[in-house]
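These notes are about the structure you will find just below.
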Amino acid sequence: MATDVALVVGDLDAALQAAGTTERAEHDARYLRSTIGHYGASVPTTRTAAKAALRQAPELTHDELVALIDALWTEPVHERRLAAVEILTARTDLLGSGDAPLLERLLREAGTWALVDPLAIGVASPLVESDATWGDVLDRWATDQDFWVRRGALLSLLVPLRRGRGDWDRFARYADDMLDENEFFIRKAIGWVLRETAKRRPDLVADWLLPRSGRASGVTVREALKPLSPTQRQAIEDARH
């Protein structure tokens, strides 16, 4: 049975608006420095609404999923776009490498870590891990002029690295190329992935960071050092001076 995309979107939008408050909308817009609208619904409430929308569409097809995401995303409201990300995260089984342009467009239009990060970690990462053809996509994202797209390339590698697996060589190459950037959100992303990788493979991270410690920003180093041993931390800190 075909999914009535318009009905699902309408019900979801109504639920998000009903859950929002003016005070929270104003707070979230200030906090995220947002240039789009806000209903003022909380993240947990938005997730709950997205799950309810999926229950309305148990036989969702790939094309219906894309239509649903486009309908939610086109309206410039943060909660609608976050709900779209939550739906994509839940239904990555319907996505493939042919959907790279869709994800790239969403990353480019997101304009905030609050959408970019779950797109990269929740949607792109499982696709990248299960399909090697995404490597070429990430290589392109990693050199994009838009720093949000570059951040997406870095964070798309996070989940398997956090588990002690993943494509460390690819991440290390991206990080080395971006290490001299001044953009805070790039510096933070590099440090974040280094920190999570170091929880299982501290020697790998320490050996990579030590000869680059003079190039790495303070925020990158502070994040990366957290799981390392006192000896490793001291060696890297000494090398920065």
Side-chain angles (χ1 to χ4, degrees), residues 1-17 36 39 41 43-142 144 146 148-160 163 165-167 170:
M1 181 177 178
T3 298
D4 188 336
V5 172
L7 177 63
V8 173
V9 171
D11 289 349
L12 175 52
D13 186 82
L16 293 172
Q17 290 196 53
I36 62 175
Y39 289 153
V43 172
T45 298
T46 301
R47 287 175 177 158
T48 298
K51 290 177 182 177
L54 284 170
R55 287 196 294 273
Q56 282 185 263
E59 299 179 12
L60 194 67
T61 67
H62 170 271
D63 290 351
E64 290 170 345
L65 172 64
V66 172
L68 177 57
I69 298 309
D70 281 341
L72 288 168
W73 193 273
T74 299
E75 192 74 24
V77 176
H78 177 77
E79 288 84 356
R80 286 175 62 109
R81 292 185 169 185
L82 182 57
V85 176
E86 291 295 323
I87 289 170
L88 282 174
T89 299
R91 295 309 311 264
T92 55
D93 60 300
L94 294 177
L95 301 175
S97 57
D99 296 298
L102 170 64
L103 293 190
E104 183 174 327
R105 176 171 66 84
L106 299 185
L107 287 171
R108 200 177 300 282
E109 295 175 358
T112 173
W113 59 267
L115 295 172
V116 168
D117 293 5
L119 275 169
I121 296 170
V123 183
S125 189
L127 297 172
V128 170
E129 188 175 12
S130 63
D131 184 351
T133 63
W134 279 86
D136 291 340
V137 175
L138 292 192
D139 286 348
R140 186 176 69 251
W141 290 1
D144 197 275
D146 189 331
W148 289 120
V149 177
R150 297 198 302 279
R151 180 177 170 98
L154 293 165
L155 296 183
S156 292
L157 298 167
L158 173 63
V159 174
R163 295 170 178 163
R165 306 191 304 270
D167 194 343
R170 186 180 299 276

Spacing of [X] atom [atom1] and [Y] atom [atom2] [to the nearest 0.5 Å]:
| X | Y | atom1 | atom2 | result |
| --- | --- | --- | --- | --- |
| Thr46 | Tyr39 | OG1 | OH | 11.0 Å |
| Trp141 | Arg150 | CH2 | CZ | 14.0 Å |
| Asp167 | Ser156 | CG | OG | 12.0 Å |
| Leu158 | Ser125 | CG | OG | 6.5 Å |
| Leu94 | Leu88 | CG | CG | 9.5 Å |
| Leu119 | Thr89 | CG | OG1 | 7.0 Å |

Between [X] and [Y], what is the shortest heavy-atom contact and its length?
| X | Y | value |
| --- | --- | --- |
| Ala53 | Leu12 | CB-CD2, 4.1 Å |
| Pro126 | Ser130 | O-OG, 3.0 Å |
| Ser97 | Asp131 | CB-OD2, 3.9 Å |
| Trp148 | Leu107 | CB-O, 4.0 Å |
| Ala15 | Ala49 | CB-CB, 4.4 Å |
| Val116 | Ala110 | CG2-CB, 3.7 Å |

Can a donor-acceptor pair be found, under 3.5 Å and without considering hydrogens, that links the side chain of [X] to the backbone of [Y]?
| X | Y | value |
| --- | --- | --- |
| Asp99 | Leu102 | no |
| Glu79 | Leu16 | no |
| Thr3 | Val5 | no |
| Arg80 | Leu72 | yes |
| Arg91 | Leu65 | no |

Is any side-chain heavy atom of [X] less than 4.5 Å from a side-chain heavy atom of [Y]?
| X | Y | result |
| --- | --- | --- |
| Trp134 | Asp139 | no |
| Val159 | Ile121 | yes |
| Leu103 | Leu127 | yes |

Ion pair check, Glu129 and Arg165, cut-off under 4.0 Å: yes
Electrostatic pair Arg47:Glu86 at N-O distance under 4.0 angstrom: yes
Pairs involving residues 51-71, ordered by first then second residue, that meet salt bridge (charged side-chain N to carboxylate O under 4.0 Å, His left out) (sequence neighbours left out): Asp70-Arg105
Worked check of side chain to side chain contact (heavy atoms under 4.5 Å, CB included) between Leu68 and Trp73: CA-CA 9 Å; Leu68 177 57; Trp73 193 273; over 6 Å; no
Option among Asp146, Asp144, Asp117 that satisfies the salt bridge (charged side-chain N to carboxylate O under 4.0 Å, His left out) test with Arg151: Asp117
Pair Glu75-Arg81, salt bridge (charged side-chain N to carboxylate O under 4.0 Å, His left out): steps then yes or no: CA-CA 8 Å; Glu75 192 74 24; Arg81 292 185 169 185; over 6 Å; no
